[in-house]
Amino acid sequence: MAKGYFVPAAIAAGLDDSMTNAAAKQVTSGNLMATLIDVPDALQARLHLAGFAAFANGFAAAALFAALMAAIACGLTFELVPRTNPTPVESFADGPVRP
């Protein structure tokens with residue numbers, strides 16, 4: 001996800017292919033600025049913003065996937081768990097309940 005957003009932005013900004021691929025690997029780890037230490041400051045700022053946007057898009061996709069899984073789990077719970085109340089458990093104060 002991060003590569004799909006960051007790589008086109010980095011190439012459009014003028015970064016060469018090898019530096020772009022190396023930087024794209026660092027976007028997800030949050031260590032982008034260490035990779036771009038040799039890049040001019042104006043370009044660093046643009047690529048830093050593109051890296052943040054790529055990371056945010058990846059995080060949003062992960063959050064959306066988690067929400068989808070939670071909705072599926074909720075639906076399965078309502079489908080698989082009986083709607084009626086189970087038989088109430090009697091008090092154990094007088095000893096164990098024997099059938």
Side-chain angles (χ1 to χ4, degrees):
M1 183 67 133
K3 268 189 167 184
Y5 186 83
F6 180 78
V7 170
I11 290 174
L15 209 59
D16 65 357
D17 287 339
S18 63
M19 182 66 91
T20 298
N21 289 329
K25 292 177 183 176
Q26 298 299 320
V27 168
T28 54
S29 69
N31 194 20
L32 179 63
M33 294 311 287
T35 305
L36 299 176
I37 199 77
D38 297 329
V39 176
D41 290 339
L43 190 56
Q44 273 187 10
R46 287 180 58 191
L47 293 174
H48 196 243
L49 289 175
F52 274 147
F55 185 81
N57 284 344
F59 191 81
L64 185 61
F65 181 73
L68 178 65
M69 291 296 110
I72 290 171
C74 180
L76 287 173
T77 299
F78 279 105
E79 185 64 30
L80 299 175
V81 173
R83 286 179 170 76
T84 59
N85 286 335
T87 307
V89 177
E90 296 179 21
S91 172
F92 288 106
D94 298 329
V97 177
R98 301 195 193 269

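Nothing here was measured: the structure is a model prediction, and the numbers come from that model.
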*Asks:* Say you draw a straight line from OG1 of Thr20 to CD1 of Ile11; how long is it, rounded to the nearest 0.5 Å?
*Replies:* 5.0 Å
*Asks:* Are Met69 and Phe59 grouped together when hydrophobic residues (ILVMFWY) are joined by side-chain heavy atoms under 4.5 angstrom apart?
*Replies:*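 Per the 4.5 Å side-chain linkage, Met69 and Phe59 are not co-clustered.
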*Asks:* Which pair of heavy atoms, one from Ala53 and one from Tyr5, lies closest together, and at what distance?
*Replies:*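 Taking every non-hydrogen atom into account, CB-CE2, 3.3 Å.
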*Asks:* Quick one: list whatever passes side chain to side chain contact (heavy atoms under 4.5 Å, CB included) with Ala60, sequence neighbours left out.
*Replies:* none
*Asks:* For Ala50, check side chain to side chain contact (heavy atoms under 4.5 Å, CB included) against everything at least two apart and list the hits.
*Replies:* Phe6, Ala9
*Asks:* Partners of Leu68 by side chain to side chain contact (heavy atoms under 4.5 Å, CB included), sequence neighbours excluded?
*Replies:*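 Leu68: side chain to side chain contact (heavy atoms under 4.5 Å, CB included) contacts with Ile72.
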*Asks:* Could you report the tightest heavy-atom contact between Ala24 and Val7, atom names first, then the distance?
*Replies:* CB-CG2, 3.9 Å
*Asks:* Could you pull out the closest heavy-atom pair between Leu47 and Ala13, with the gap in Å?
*Replies:* CD2-CB, 4.1 Å
*Asks:* Taking only residues at least two apart or on different chains, which pairs with a member in residues 9-33 satisfy ring-ring contact (aromatic ring centres under 6.0 Å, His included)?
*Replies:*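 Sorted result for residues 9-33: empty, none.
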*Asks:* Tell me every residue that passes side chain to side chain contact (heavy atoms under 4.5 Å, CB included) with Asp16, counting only those two or more places apart in sequence or in another chain.
*Replies:*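 Here the qualifying residues are Ser18, Met19.
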